[in-house]
Amino acid sequence: MKKIYMDHMAVNPLHPEVLDAMLPYLKENYGNPMSLYEYGIKAREAVENARALTADLINAQAKEIIFTASGAESNNFALKGIAFALQNKGKHIIVSKVEHHSILNSARFLEKQGFAVTYLPVDNDGLVNPEAVKKAITDETILISIIHASPEIGTIQPIAEIGRIAKEHKIMFHTDGVASVGNIPVDVQSLNVDLMTFTAHQFYGPKGAAALYVKQGTRIVPLIYGGIQEGGRRAGTENVPAIVGMGKAAEITRKDLQKRIDHITPLRDEIISSALKLDKVILTGHAEKRLPGHASFVVEYIEGEAMLMMLAIKGIFSASGSACSSKALKSSPVLISIGIPVHLAQGSVVFSIGEGTTQEDINFFKETFPAVISRLREISPYSEGWENTEDSTCTVKK
Amino acid sequence: MYSEKVMDHFTNPRNVGVMDDADGIGEEGNPVCGDAMKIFIKVKDDVITDIKFQTFGCASAIAVSSMVTEVAKGMTIDEAMKVTKQSLADALDGLPPQKMHCSNLGADALHKAIKDYRNKQGK
């Protein structure tokens, strides 16, 4: 059976050239970059070369890149590292309601440590209003963190504009670029950011390789104490093969990005236009200001996990923000934040394509998706319309 | 994460549909919670002679719904009142722990349909 991977927001496949670049560092070049003899020197050179390539992808300097093990780590590092570094200046942080859990849960942790956090709402397209950011700023504000692009609804935020506001007020500005870096051109200079999270597996690099861009001269407190790796800001023996892979993936992405965008955008548009022809299917996120490979919907009268499972049986792999598809059994807070009622959020489905996606894949999708929807609607008691959807009546039993 | 039996009942659910002349109807759950089920029964001489369901929910919710109709068909209503969440999960070779309660509505919906039937009979 044909398998069509439409979940690139979860992870991208490893680029074959990236694997080739990594292999020597899993085999003969196994040295610890801290060692002073030739094995160590070779590993150190590989790490520093990867740092320069990774920096180039976002128009930063090599010394502004701190390698970490995940996007979640980088997000934790940015929030806690800046909060603790600047707590004598003030204890107020601004984030949006559509951040990744690694930002939201770090913010909640900081609230318990005595920081105040403003969670900015978004409009129905998922956009943060830069004016609302400006209004939320107080004398106590030390950090603003707004996600660059949403992996759930694809919406791309006006980061450059928010960055300009942060700069005017001399407040540190972080963006979570996990879903954007590698999918759209990202330049930390024109975006006016002081810190940015990004991860290699979003641009055909390996898992376990991520980075935090920290603008030169920014004070940040480490999350992980130990040795002097990463300039003393992130201790622990470097994951050399993963870092090498991230550098190689960044190098290829810098070269291929426009080609990838040109390939996936019309295919993505075809997914959206075909799905919106179906009855009671709604696009989530912004129609234009969205990631090029990203198509997300809510489908009325059926549930997302069942949709995802039935699509998977047919060979199409996708994602959902429905309560039943999450281990925590909670609907995606992002969908609720853009004003989707809870019963509609249950019908969430997300398709994210990549450079390997073909026209043939999209043709198969266009046949299969409507068939899956009608099959599940045949089983559903609501195919004639909703009933019993008062939001107050649900208590989740665990 | 799902057993083969769950996947079988999800992909080929038994007894899907509505019944215009049902003797009892049971509803359980709510779309806000993510799972909701309707069950229709036909009863003759205290035996469930026909049964249909409609379900909004995840794969396991649909599989449990299908299984409860298969199990209950031919049972007396007293026997059917003894069908439990656990017995349905067991019949499906188990459910993932987080799905055990939220999507396991089949027994409750069946019991409600039987109560509806008894109310209508004035029993």
Side-chain angles (χ1 to χ4, degrees), chain A residues 298-314 320-332 335-336 340-349 371-398, chain B residues 1-4 6-19 22 25-40 52-67 69 85 95-109 112-113:
Chain A
V298 290
V299 180
E300 292 204 47
Y301 314 136
I302 59 177
E303 192 281 322
E305 190 252 32
M307 207 168 4
L308 185 157
M309 295 299 294
M310 199 164 274
L311 284 163
I313 290 165
K314 312 267 183 198
S320 171
S322 85
C324 300
S325 60
S326 81
K327 287 254 154 67
L329 302 176
K330 275 190 185 159
S331 292
S332 152
L335 295 175
I336 304 307
I340 306 273
V342 182
H343 65 284
L344 283 190
Q346 306 290 1
S348 146
V349 65
V372 165
I373 293 175
S374 13
R375 178 66 184 130
L376 288 170
R377 281 184 179 163
E378 277 165 29
I379 303 173
S380 168
Y382 306 116
S383 48
E384 311 275 312
W386 290 106
E387 44 187 283
N388 306 327
T389 55
E390 324 74 60
D391 284 15
S392 55
T393 54
C394 183
T395 46
V396 174
K397 288 175 276 182
K398 288 200 180 169
Chain B
M1 78 190 228
Y2 287 130
S3 71
E4 273 178 37
V6 170
M7 290 310 285
D8 174 38
H9 278 264
F10 168 55
T11 45
N12 305 297
R14 284 61 145 172
N15 307 306
V16 175
V18 283
M19 205 185 275
I25 299 174
E27 285 186 56
E28 186 62 37
N30 182 311
V32 175
C33 310
D35 295 288
M37 181 182 178
K38 254 187 205 178
I39 202 161
F40 308 84
K52 293 265 185 253
F53 83 90
Q54 288 184 311
T55 290
F56 165 93
C58 63
S60 72
I62 292 169
V64 167
S65 307
S66 167
M67 182 52 89
T69 62
K85 285 174 189 278
L95 290 175
Q98 78 272 21
K99 301 280 185 185
M100 194 53 204
H101 296 290
C102 66
S103 63
N104 197 342
L105 307 174
D108 292 339
K112 281 190 177 174

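- With a 4.5 Å cut-off on non-hydrogen atoms, B:Met7 touches chain A through its side chain but not through its backbone.
- Here the CD1-CE distance, from B:Ile62 to A:Met310, works out to 6.0 Å after rounding to the nearest 0.5 Å.
- The part of A:Gln346 that comes within reach of chain B is its side chain, from C-beta onward, which places non-hydrogen atoms under 4.5 angstrom from that chain.
- At a 4.5 Å heavy-atom cutoff, A:Arg377 makes no contact with chain B through either its backbone or its side chain.
- With chain A as the partner, the residue from B:Ser60, B:Ala59, B:Cys58 showing the most heavy-atom pairs under 4.5 Å is B:Cys58.
- The closest side-chain heavy-atom distance from A:Glu378 to B:Pro13 is not below 4.5 Å.
- Here B:Gln54 contributes atom CD and A:Glu384 contributes atom CD; the two are 8.5 Å apart, rounded to the nearest 0.5 Å.
- When every heavy atom of A:Trp386 is checked against every heavy atom of B:Phe56, the shortest pair comes out as CH2-CE1, 3.7 Å.
- Looking at B:Phe10, the atoms closer than 4.5 Å to chain A (heavy atoms on both sides) sit in the backbone and in the side chain alike.
- Taking each heavy atom of B:Thr55 and A:Pro381 in turn, the nearest pair found is C-CD, 3.4 Å.
- The environment of A:Lys314 atom NZ is sparse: at most 12 non-hydrogen atoms of other residues, nucleotides or ligands sit within 6.0 angstrom.
- In this structure, chain B has heavy atoms under 4.5 Å from both the backbone and the side chain of A:Ile379.
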